[in-house]
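All values reported here derive from a predicted model rather than from experimental measurement. Each chain gets a letter, A, B and so on, in the order the sequences are listed, and its residues count up from 1.
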Amino acid sequence: MPGRNGWMADIYVEVPAKAVDRPYSYLIPDEWREEVQIGSRVQVPFGPRTLIGYVVDVREGELPPRVKAIQEVLDLQPPLTPELVGIGRRMADEYLCTTITALQAMVPSVLKGTYQKKITLATDYDQREVSASLEEMFGSLSQAISEGNGVISWDEACQIQGIHRGILKRLSEQGFIRIHEVVGDKITKQTTTWVWLTSPSDGEMMLRDLPKRAMKQREVFSYLLEKGVEVPLPDLLSATATARTTVKSLVEKGIISWEEREEYRDPYAHRTFEQTTALSFTDEQAAAFEAIMKPIEQGEAETILLHGVTGSGKTEIYLQAIAEVLVKGKEAIVLVPEISLTPQMVDRFKGRFGSQVAVLHSRLSSGERFDEWLKIRRGEVKIVVGARSAIFAPFERLGIIIIDEEHESSYKQEENPRYHAREIAQWRIQEHQTALVLGSATPQVESYYAARTGEYRLVNLHKRVHGRPLPEVEVVDLREELAQGNRSMFSRSLKTELMECINRGEQAVLFLNRRGYSTFVMCRDCGETLACPHCEISLTYHETNRTVRCHYCGYASQLPKCCPQCESEHIRHFGTGTQKVEAELGKAFPGIRVIRMDVDTTSRKGSHERLLHDFGAGRADVLLGTQMIAKGLDFPKVTLVGVIAADSMLHLPDFRAAERTYQLLTQVSGRAGRHEYLGKVIIQTYSTDHYSIQAAAEHWIEDFYRQECQMRKLHLYPPFRRLYTMVISHPDRVRVLQYGQEIARSLNQGTFQYDYQVLGPVPAMIPKIKDRYRLQIMIKYEANPDLNAYVKERVRQATQVQDDADLRIQVQRDGV
DNA sequence: AGCACGCCGACT
DNA sequence: GTCGGCGTGCTC
C-alpha cells in the first residue's frame, strides 16, 4: 500500500548513541503546522518511550508506513536557528560525535529533558481480582502510594521489599496501577511581584476611608501615591518596613493591585557600570580598525589576526568595531578565555554598551545562564561576551566575531563534542559573510602561519598605548647558581630584586607551574616513587595536612612513615610546588605577606575574586600562583615578575611544549610595569639557550615563530600536518594492548594507497587514569580535502570496533 | 541509551 | 510448569 502524503518533521531524539544517530520522521499535526520549524524542540514517542528531540527539517512528502505524530512543541520560539542546526550536523561529521550531542551543546543545559516514571493506583479495579501471588506486593505498594499523596516514582516503588520491574509491569497490565511517563526539562522562571495603586486619581479619598488605626496600611498607601509608578514588592516592603500581610489586606480591599511577573535573573543587577566613551586611536589602532571594518563593510568573510603586545589597546578596537556593527543593525560575539572573564572585562563592555550586552560564563547558575541566553534568542541584546560556548549564541544577523587571546586552550572543549570555538567561528563567518578577529600577543603557531601565508590578514600592534617600554627581562641560569653554591629556589638576582621591590613598597608576582608542596615523593634507599594506585602518575606531597595527593583523580592519603616497597624510613619529597615556595618565602623574607593562588586556594566559589581583590588592595607583597595568575591580571603596583622554573613545561612530550613555554613567559612578563612604574622580569631556568625562552626574554616575537615553524616543518607537526590523536582506554592492561594493535592495524590498511602515517600504539602521556590503562595512536597527514575525508572515514571506522563495553576510544583532531 | 522480546537454567 | 537471568535488536 503506497503511503499517504503529508507534512513531516525530521527529528534527532535525545539519545546520544551511534545506533540512533539519524533523523526520524514524524507527522506534524495540522494545528502545529506553523509552530514546528527547523530548530524546534519537540516531544515525540520513540519506541516504548517518550523523548525530547530537535527538528532538523520540515517537508511535505510520502509518509513512512508506521509514522507517529509529534506530541508537543516545547518552546514558544525554536531554541536553535537553521544555521545552528546546520553547524550541529557539521560538528557531528567533523568531530565524530552524535548529532544530538552537538545540538545539545549549543543550548542551555536546562533545555535537556528529564524523564521520570510515576505510579498511581488505577481508579477502577476490583480488589478481589488481585491474584494471590501479587496480593502482598500490591498491598505494600498501594500503602506507599497513599503515603505519597496518591503518587510515587518508579524508583521509589522499586525500593520497596520484593517489588521490581516485572511485578510493576504485571500490576499495570492487569489494570491495578497506572504507569505515567513524565517528560520535562529543568526550566525555571524567576518571578517578582509588582504593586501599584488601583486608581491613583481617587487616592486622597481612599486614604480618608482607611481605618484610623491602620497606620501601616496608610504608610504603604502614601508610599505608592508618592511614587506614582509600579513598584516591586520587595522594594516596597523594605522601604516602608512592612510585612507582606499588610499589603495583602490592601489588595483584598481593592485599593492596590499586584501581579507576579516573570523576570530575568540578572547576575549584574546590583552593579552599576561607569559609562565609557570611545577613546581616540593611535595610528596603529586606526589601521587595525580599518582592516577589521573592510570585510564588514564589503560583506565578505575574512579572518584578521590582530597581533598586539599586551597593553596595545586591542579592547578599545573591539569596542569601536562593535559599535559600528550595531549601527548596521547587526550583532556581535566576543569570546574571552574563561579565566579572564573577570568583572574588569565585563565592565568595559557593559560600560560602553549597557543593557545591550549578555554575559555567558561558567560561574553563572544554570538559571542565570538560561536567562542570558533567552535575551539573545529573543533579540533583546545585540552583544554577547562569553566563554567558549558563547560561539553558539543564536544570533541571526551576526556582524562580527571576536576571539580575544585566541591561543588560549580553553577555546577547545575537552569532552564530547570536542570542538574548537575558533573553527566554529570560521563556519559562522562563512555563513554571515563577515569578519572574524583573532586577538593575541602570542598567537597560536597555526594562526601566525596562516597570517604569514596570506590565509588570514595580519595586523600588528607593536606599541603599547601609553608608550610604556616593555619590561626588562633577565634570564637567570640555574646551573650557574648551583655551581656558585646557591641551592635555594631563589637565585641571587631574584632575592635582591624581590627585597628591593618590597622595600620600595611595590608588589611582585611569582609564578610556578606546580601546585602542592613537592612534585614527587621518593624513597632514598630503593628509589621507589609513590604513585597513585588508580593513575600511573606520581603523587604530590601537600604540607598543610601531610598528605600525598593525585592531581588527576583526587586520590589522597597520609604520607606513609616508611617506604611501601622496602620499609625504609628514608622517604623524602623532591621538586618544588607552590606550597613549598610559600614556605621558603617566609623563611627568606621574614614578615613578607604572600597570597597563594592555585587550585587548592581557589576552589571555593568567589575565592578567586577575593584573593585578587586583596592583592589589588595592597594586602600582600607577593602574589604567588600557578597558570591561573598568568592571564590578564593588571595591578598598577606590580613591578617585579619572577618565574621560578621556566623549564617545567618545556620538556613535556607535546609538540606544543615550546609554544606554550613561549606564550606563558610572554604573558607573565606582560604583568610587570603596566602603569607608571618600570617593570622587571626574572626568568629562572636550566635551559637558557632554548629559543622559546630567549625569544620571550628579548621580545623577539618574529624569531620565535620562525624557529618554531622550522621545528614543526622538520618534525611534521601542525601547521604542516594535521593530526588525529586516539586515546584507547580499558581497565585491563592486556586487553587494551590487543585493542590498540587491532585498531592500529585497521588504520594502517589505507597507508599503501594514501599518504598518511600511523604512529603507535604507545602508552599515552598519562598511561593510567582512574583505573583505566591508556594507549595512544597518532595519525599524521598533509591537509588536503581528499586526505581529510579519507582519514576521517578511516578513523570513524576504527572507533566502531566496539564489542566491549569497557573499551573507550577518544579521538581528537589537531592542527586545524 | 532503554526497553521488549526471546531463549535458557533454577525453583515452586 | 513459572520466574527471572541476560543476549539481541529496534526505535519514524
Please find the earliest and latest nucleotides of DNA chain C, in the 5' to 3' direction, that have an atom within less than 4.0 Å of any heavy atom of chain A. C/dG4 to C/dC12

Taking distance alone, no hydrogens or angles, what donor-acceptor pairs closer than 3.5 Å link side-chain atoms of residues 28-35 of chain A to residues at least two apart or in another chain?
none

For residues 87-111 of chain A, pull every pair meeting salt bridge (Lys or Arg N to Asp or Glu O under 4.0 Å), keeping only residues two or more places apart or in separate chains. A/Asp93-A/Lys792, A/Asp93-A/Arg796, A/Glu94-A/Lys792, A/Glu94-A/Arg813

Outer limits of DNA chain B sitting under 4.0 Å from a non-hydrogen atom of chain A, read 5' to 3', are B/dA1 to B/dA4

Side chains of A/Tyr724 and A/Val791 in contact at under 4.5 Å (non-hydrogen atoms): yes

Apply ring-ring contact (aromatic ring centres under 6.0 Å, His included) to A/Tyr24 and list each qualifying residue two or more places apart in sequence or on a separate chain. A/Phe46

Sugar-phosphate, base or nothing in reach of A/Val20, heavy atoms under 4.0 Å: base

Give A/Lys169 one of three labels, base, sugar-phosphate or nothing, depending on what nucleic acid heavy atoms sit under 4.0 Å from its own. nothing

What pairs of residues pass the salt bridge (Lys or Arg N to Asp or Glu O under 4.0 Å) test when at least one of them lies in residues 73-88 of chain A, not counting sequence neighbours? A/Arg41-A/Asp75, A/Glu83-A/Arg428

Close approaches to DNA chain B from residues 25-49 of chain A, in residue order (heavy atom, under 4.0 Å): A/Pro48, A/Arg49

What residues, two or more places apart in sequence or in another chain, satisfy ring-ring contact (aromatic ring centres under 6.0 Å, His included) together with A/Phe655? A/Tyr717

Results of ring-ring contact (aromatic ring centres under 6.0 Å, His included) for A/Tyr115 - residues two or more places apart only: none

Mind checking if A/Arg165 touches a base, just sugar-phosphate, or nothing, with heavy atoms under 4.0 Å? sugar-phosphate

Tell me the salt bridge (Lys or Arg N to Asp or Glu O under 4.0 Å) pairs involving residues 410-420 of chain A, sequence neighbours left out? A/Lys412-A/Asp814, A/Glu414-A/Arg418

Under the ring pair (Phe, Tyr, Trp, His ring centres under 6.0 Å) rule, what pairs show up with a residue in residues 54-79 of chain A, not counting sequence neighbours? none

Contacts of A/Thr98 that satisfy side-chain contact (heavy atoms from CB on, under 4.5 Å) - sequence neighbours left out: A/Pro16, A/Asp21, A/Ile100, A/Thr101

